[in-house]
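First listed ligand is number 1; within each ligand, the first listed atom is number 1. Quick note: residue numbers are just sequence positions, from 1.
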Amino acid sequence: ARSAPVITIDGPTASGKGTIAQRVARALGWHVLDSGALYRLTALAVLREGGDGSDEAQAARLARHLDARFESDTVFLGGEDVGRLIRQEAVGNLASRVAAWPAVREALLARQQDFRRAPGLVADGRDMGTVVFPDAPLKIFLDAGVEVRAQRRHKQLKDKGFSANLDDLLQDLRSRDARDRGRAHAPLVAAADAVTVDSSHQGIDDVVRQVLDLWSARGPA
Ligand code: CDP
Ligand code: CDP
């Protein structure tokens, strides 16, 4: 399983990673890893213990013992369907706080690597290409302008029935990006061997096609 191919998709919040990862995985018949969901689940577990993410030992303990189960379009925490709950911006923001703790990242590392199974894995997050799957044969760094990303996230939240304010969202995305890029451990950065794709002016279908073309041009080695 450790030799199964991996396509990594890293990038800032709301750049389209999750959507593109799902579509590419479906096209190839591969597994997916939404690594951000593990950080979001950890954040939710912290919230439920009344924490605020400032206690590294607490967050790491909860990360280590996460009772998480992934299904095709949702995720369970301790048997409860929390797929919708963890998509809230408040959970995303707390996720980016707990994700800065090295002990939390360490606690989630092996669990993420266990998703690598034949025939292949598409993994999305911040450090998939740099830390979790450094030997991945294809690494994508997916980017888009912050205003485009805020608009996309705004529409996405509205479509799901959440209330969202575009200006607040833009501020949230900016501070989350700054925290994710600026942290000492596994910061958001393109791997040296990553292909950067800017989707600011590209639709989902175009990006998916580009990734699939890159894959058929490079792999399987
Ligand atoms: O996973 P990540 O936070 O990077 O982003 P996402 O949840 O996959 O995408 C955020 C929103 O942008 C979704 O509603 C996508 O449908 C949309 N999107 C888009 O409109 N055009 C793209 N090229 C990529 C994503
Ligand atoms: O969908 P969106 O891009 O907004 O967020 P996400 O991918 O669900 O990740 C939520 C938070 O978890 C991010 O802001 C990161 O701080 C953290 N994260 C991380 O540190 N490393 C990863 N591989 C994935 C997510």
salt_bridge([X], [Y]) N-O dist < 4.0 Å:
X: Arg209; Y: Asp206; result: yes
X: Asp127; Y: Arg183; result: no
X: Asp34; Y: Arg87; result: yes

(message) Using a 4.0 Å cut-off to any heavy atom of Gly18, which atoms of ligand 1 qualify?
(response)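 It comes down to these atoms of ligand 1: 1 (O), 2 (P), 8 (O).
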
Open item on the list: I need the atoms of ligand 1 closer than 4.0 Å to a non-hydrogen atom of Arg153, numbered in the order shown.
Closed with: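 Listed by number with element, the hits are 2 (P), 3 (O), 5 (O), 7 (O).
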
By number and element, which atoms of ligand 2 are closer than 4.0 Å to a non-hydrogen atom of [X]?
X: Gly36; result: 6 (P), 7 (O), 8 (O), 9 (O), 24 (C), 25 (C)
X: Asp180; result: 13 (C), 14 (O), 15 (C), 16 (O)
X: Met128; result: 23 (N)
X: Arg183; result: 16 (O), 19 (C), 20 (O), 21 (N)
X: Ala99; result: 16 (O), 17 (C), 20 (O)
X: Lys17; result: 3 (O)

With heavy-atom distances below 4.5 Å as the criterion, would you say the side chains of [X] and [Y] are in contact?
X: Tyr39; Y: Arg105; value: yes
X: Asp55; Y: Trp101; value: no
X: Val46; Y: Arg97; value: no
X: Thr8; Y: Thr130; value: no
X: His31; Y: Phe115; value: no
X: Gln151; Y: Leu166; value: yes
X: Ser199; Y: Leu142; value: yes

Would you say [X] and ligand 2 have an N/O pair spaced under 3.5 Å apart?
X: Asp127; result: yes
X: Ser35; result: yes
X: Tyr39; result: no

Of the protein's non-hydrogen atoms, which lies at the shortest distance from [atom], and what is that distance?
atom: atom 16 (O) of ligand 1; value: Ile204 CD1, 3.4 Å
atom: atom 23 (N) of ligand 1; value: Gln202 O, 2.9 Å
atom: atom 17 (C) of ligand 1; value: Arg152 CD, 4.0 Å
atom: atom 4 (O) of ligand 2; value: Thr13 OG1, 2.3 Å
atom: atom 21 (N) of ligand 2; value: Arg105 NH2, 3.0 Å
atom: atom 8 (O) of ligand 2; value: Arg40 NE, 2.6 Å
atom: atom 15 (C) of ligand 1; value: Thr19 OG1, 3.6 Å

Criterion side-chain hydrogen bond (donor to acceptor under 3.5 Å, both in side chains) on Arg153 and Gln156, from CA distance to verdict: CA-CA 5 Å; Arg153 176 62 33 101; Gln156 186 183 32; 2.8 Å; yes

Got an N/O contact under 3.5 Å between Gly16 and ligand 1?
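It does: an N or O of Gly16 is found under 3.5 Å from an N or O of ligand 1.
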
### Nearest-option assignment for atom 13 (C) of ligand 1, heavy atoms, candidates Gln151, Gln156, Lys160, Arg149
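It is Gln156 whose heavy atom sits nearest to atom 13 (C) of ligand 1.
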
- prompt: Between the candidates Arg126, Arg181, His185, which shows the shortest non-hydrogen contact distance to atom 22 (C) of ligand 2?
  reply: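 Shortest heavy-atom distance from atom 22 (C) of ligand 2: Arg126.
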
query = Short question: side chain of Arg149, backbone of Ala144 - any donor-acceptor pair under 3.5 Å?
reply =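 Here the side-chain-to-backbone pair exists.
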
Checklist line | Test item: Glu49 side-chain N/O and Ala45 main-chain N/O as donor-acceptor pair under 3.5 Å | finding: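 Looks like no, no N/O pair under 3.5 Å.
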
- Heavy atom of Gly11, distance to ligand 1 below 4.0 Å: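 Distance cut 4.0 Å: Gly11 fails for ligand 1.
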
| ligand 2-proximal atoms of Arg176, by part, heavy-atom distance under 4.0 Å |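 The part of Arg176 near ligand 2 is the side chain, not the backbone.
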
>> Contact between ligand 2 and Ala14 is defined here as a heavy atom of the residue under 4.0 Å from a ligand atom; is it met?
In response: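 Contact present.
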
With respect to Arg126, which candidate in Val131, Thr13, Val132 satisfies the side chain to side chain contact (heavy atoms under 4.5 Å, CB included) definition?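 With Arg126 as partner, side chain to side chain contact (heavy atoms under 4.5 Å, CB included) holds for just one option, Thr13.
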
